Amino acid sequence: MTIATTTSTPLLEVDDLCKSYAPKRGLIGSILARGSKPSNTLKNISFDLGKGEILGVVGESGSGKSTLGFTILGLIEASSGSVRFAGKSLPRDARELRTFRRSAQMIFQDPYQSLNPRFRIKDIVTEPLLVYGLIGNGEVTAAAEEVLDLVGLRPGKSYLERFPHELSGGQRQRVSIARAVVLKPKLLIADEPVSMLDVSIRAGILRLLRSLSASMEMSVVYISHDLSTVRYICDRVAVMYRGEIVEIGSTDQIIAYPVHPYTKRLLSAVPRISFAEKRQRVAQHA
Ligand SMILES: Nc1ncnc2c1ncn2[C@@H]1O[C@H](COP(=O)(O)OP(=O)(O)OP(=O)(O)O)[C@@H](O)[C@H]1O
Ligand SMILES: [Mg+2]
């Protein structure tokens, strides 16, 4: 079992979480799977996440990062183990689940797939407020302007009436972030949010996530296969390998003193800049 603790009161407590998928059903699936064991996609995952903390989850494709994200949000049922959010087990009752969904949001790699192409931007970003009855139809424009401003899409640029296909990839990801944070969640799971974006605009999106996390005291699980972006924004990093957390610690510690051979391999693929230099770069751009 991998154990790690944070100094602040945890928002999220993940304890001994496991997820196995049963072998495939159906005639062909069962023939192909004959003799095989259920896959262990998540193995004994344990960690805490502090309030306002950003935890990077890094690992190669298929290591279980997205499964972990979905399981934390209760969108995939764990085989065993537990997830506690703000001191309570994940709710099962519909009313409590609705409250939990409001506090925990997710954004994805491809904002184009997660935004409804037939909705205007102002409707996309304010839909959660309408669904929860927090604004009326007459307040949509003002609320949309406010949240778009928050994510760096200035109101003067008339984003409100546009459709997703009329925006660039970076602008679309800002819209999906706006939609995710409009209800002021306590937790954001960001699953590879910059991997489909041009390298030149990745830093801007990462700075936005960092500043939203700080100003809203929002905890973030930042999933990536790439340590070069993880070290840009994360307070701590968990390294996943074949369904396990093989190493977890502060970003500085993992980068300066990696212990697991897989972490060392990941680091050797990243162009090296010193940590002080990194902090300086972030400060310059803030
Ligand atoms: N519904 C499912 N049924 C069976 N196996 C699954 C299912 N979903 C995921 N898996 C398996 O679980 C493993 C982890 O998948 P997951 O998508 O969590 O990896 P990942 O680290 O997010 O990968 P990537 O970086 O490519 O997104 C993979 O081997 C995948 O094939
Ligand atoms: Mg994934």
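Worth saying up front: this structure is predicted, and the values here are computed from it rather than measured. One-based numbering, in listed order, for ligands and for the atoms of each.
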(request) Please determine if Arg84 and Asp15 form a salt bridge, counting it only when a charged side-chain N lies under 4.0 Å from a carboxylate O. (result) no

(request) Verify whether one side chain among Ser66 and Asp191 offers a donor that lies under 3.5 Å from an acceptor in the other. (result) yes

(request) Within a distance under 4.0 Å of any heavy atom of Ser61, pick out the atoms of ligand 1 and give their elements. (result) 23 (O), 24 (P), 25 (O), 26 (O)

(request) Find all atoms of ligand 1 within a distance of less than 4.0 Å from any non-hydrogen atom belonging to Glu60, and give their numbers and elements. (result) 21 (O)

(request) Please work out which of Gln109, Met240, Lys65, Arg242 has its closest non-hydrogen atom nearest to atom 25 (O) of ligand 1. (result) Lys65

(request) Measure from NZ or CZ of Arg154 to the centre of the six-membered ring of Tyr159 and say whether it is under 6.0 Å with the direction within 45° of the ring axis. (result) no

(message) I'd like to check which ligand 1 atoms, numbered from 1 as shown, lie under 4.0 Å from a non-hydrogen atom of Ser63.
(response) 19 (O), 21 (O)

(request) Please answer: with hydrophobic residues joined when any side-chain heavy atoms are less than 4.5 Å apart, are Ile201 and Leu150 in the same cluster? (result) yes

(message) Under 2.8 Å from the Mg ion (ligand 2), can any N, O or S atom of Ser66 be found?
(response) yes

(message) If only side-chain N and O atoms count, and only distance matters, is there a donor-acceptor pair under 3.5 Å linking Thr229 with Tyr222?
(response) yes

(message) Below 4.0 Å, non-hydrogen atoms only: which portion of Thr67 touches ligand 1? Side chain, backbone, both or neither.
(response) both

(request) Determine, considering heavy atoms only, which of Asp226, Thr41, Thr71, Asp191 sits nearest to atom 13 (C) of ligand 1. (result) Thr41

(message) Under 6.0 Å from the ring centre and within 45 degrees of the ring axis: does the NZ or CZ of Arg118 meet both conditions for the six-membered ring of Phe163?
(response) no

